[in-house]
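Chain A is the first sequence line, chain B the second, and so forth, proteins listed ahead of strands; every chain is numbered from 1. We use all heavy atoms of the structure for the numbers below, so side chains are in, but hydrogens, waters and symmetry mates are not. All values reported here derive from a predicted model rather than from experimental measurement.
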There are 2 protein chains.
Amino acid sequence: MHYETLIETVKARREMLNVTQELLADLSGVGLRTLKQFESGKGNPTLETLSKLGNALGMELTFAVKDVTAK
Amino acid sequence: MHYETLIETVKARREMLNVTQELLADLSGVGLRTLKQFESGKGNPTLETLSKLGNALGMELTFAVKDVTAK
DNA sequence: ATATATAGTGCATTAAAACGCACTATATAT
DNA sequence: ATATATAGTGCGTTTTAATGCACTATATAT
């Protein structure tokens, strides 16, 4: 999953839930400035930051061997 | 995917490929010290670090809505 | 027993993530 | 037109990830 895709996924999920950046920042425990930077494509979030966002959004991070079978 | 699980997944993949930390560090472009910290459960890697390791190991990071259906 | 390969740690430095605050930009509603 | 809500940015500080180096720990082979 490319970085931009990851960002879009998070942003889409947040907007689908009708949650503002400000609320998500509160809910997740991630600083508002950090969230803004992330969603605007700047920065390089840590695993902890992604994890916090995932918890708040009902999303999960997985790291698995790439499937070469499917195209 | 919990942090420890993620670590184990990476470590298992590396060992399955018979690659040492030193070689993986070289192949991935991640510093050896950083890799050691990561695998020994210390630290909080950035997305870039995880991505680099993923590229070298043929693994992929994904971030998706948690499936509540399956248990 | 000792040489070798690999993993883990202590210590220090540098770069950058996380963060807050105040501000700007943009869209929407009144 | 202007007030309001939301997103994005500039600037600064604090914390910490990334890194190298030198060292220790452990297992394995000779």
Side-chain angles (χ1 to χ4, degrees), chain A residues 1-70, chain B residues 1-70:
Chain A
M1 185 178 233
H2 296 105
Y3 189 59
E4 310 80 43
T5 312
L6 193 152
I7 295 176
E8 286 314 308
T9 304
V10 169
K11 205 188 277 193
R13 174 68 174 167
R14 178 178 63 76
E15 285 167 353
M16 175 204 279
L17 296 172
N18 245 287
V19 171
T20 64
Q21 289 180 342
E22 194 165 0
L23 181 54
L24 177 54
D26 285 348
L27 294 176
S28 65
V30 169
L32 179 57
R33 193 61 171 76
T34 302
L35 179 56
K36 283 174 182 296
Q37 293 222 56
F38 171 64
E39 283 199 7
S40 60
K42 323 265 161 75
N44 175 25
T46 61
L47 181 55
E48 187 183 11
T49 294
L50 291 174
S51 176
K52 283 178 177 174
L53 293 176
N55 287 338
L57 293 170
M59 302 183 72
E60 194 183 20
L61 199 70
T62 63
F63 200 51
V65 176
K66 218 180 286 186
D67 186 357
V68 204
T69 308
Chain B
M1 186 179 233
H2 296 105
Y3 190 60
E4 310 80 43
T5 312
L6 194 151
I7 295 175
E8 286 312 310
T9 304
V10 169
K11 204 188 277 192
R13 175 69 175 166
R14 178 178 64 76
E15 285 168 352
M16 175 205 279
L17 296 171
N18 245 288
V19 172
T20 64
Q21 289 181 339
E22 195 165 359
L23 180 55
L24 177 54
D26 285 348
L27 294 176
S28 64
V30 169
L32 179 57
R33 194 60 171 77
T34 302
L35 178 57
K36 283 174 182 295
Q37 293 222 59
F38 171 65
E39 282 199 8
S40 60
K42 324 264 162 73
N44 175 26
T46 62
L47 182 54
E48 188 183 9
T49 294
L50 291 174
S51 176
K52 283 178 179 175
L53 293 176
N55 288 339
L57 293 171
M59 302 183 71
E60 195 182 18
L61 199 69
T62 64
F63 200 50
V65 175
K66 219 181 282 185
D67 185 358
V68 204
T69 308

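- At a threshold of 4.0 angstrom between heavy atoms, the contacts of T46(B) are confined to the sugar-phosphate backbone, with no base atom among them.
- Residues T62(A) and F63(B) are not in side-chain contact: their nearest non-hydrogen atoms beyond the backbone lie 4.5 Å or more apart.
- Going from atom NZ of K52(B) over to atom P of dA18(D) covers 9 Å, rounded to whole Å.
- Distance, L50(B) CG to dA17(C) P: 13 Å, rounded to whole Å.
- Remark: of the listed residues L6(A), T49(A), V30(A), L6(A) is the sole one forming a side chain to side chain contact (heavy atoms under 4.5 Å, CB included) with F38(A).
- Checking the phosphate oxygens (OP1, OP2) of dT6(C), no side-chain nitrogen or oxygen of R14(B) falls inside 4.0 Å.
- Rounding to whole angstrom units, NZ of residue K36(A) and P of dG10(D) are separated by 13 Å.
- For the OP1/OP2 pair of dA17(D) and a distance below 4.0 Å, the side-chain nitrogens and oxygens of T49(B) include no atom meeting the criterion.
- Taking atom CZ of residue F38(B) and atom C1' of nucleotide dT9(C), one finds them 18 Å apart after rounding to whole Å.
- The nucleotide dA7(C) finds its pairing partner in dT24(D), both defining distances of the Watson-Crick or G-U wobble pair being shorter than 3.5 Å.
- Counting to the nearest Å, the P atom of dT6(D) and the CG atom of L24(A) are 13 Å from each other.
- As the counterpart of dT30(D), dA1(C) is assigned, both hydrogen-bonding distances of the Watson-Crick or G-U wobble pattern falling under 3.5 Å.
- Close to dC23(C), at under 4.0 Å from its OP1 or OP2, lies no side-chain N or O of R33(A).
- At least one donor-acceptor pair closer than 3.5 Å links the side chain of R13(B) to the backbone N or O of L57(B).
- Listed pair K42(A) / dG8(D) fails the phosphate criterion, with no side-chain N or O lying under 4.0 Å from OP1 or OP2.
- Across the strands present, dG20(C) finds its partner in dC11(D); the criterion is a Watson-Crick or G-U wobble pair with both atom distances under 3.5 angstrom.
- Between V65(A) and T9(B), the closest side-chain pair of non-hydrogen atoms is not below 4.5 Å.
- The distance from atom CG of L35(A) to atom C1' of dT9(D) is 14 Å, rounded to the nearest whole Å.
- Put simply, the side chain of L27(A) does not reach to within 4.5 Å of the side chain of N55(A), judged on heavy atoms.
- A close approach under 4.0 Å does occur between a side-chain nitrogen or oxygen of S40(B) and OP1 or OP2 of dT9(C).
- With rounding to whole Å, N44(A) atom CG is found 21 Å from dT14(C) atom P.
- We find that CD of Q21(A) is positioned 13 Å from C1' of dT26(C), with the value rounded to whole Å.
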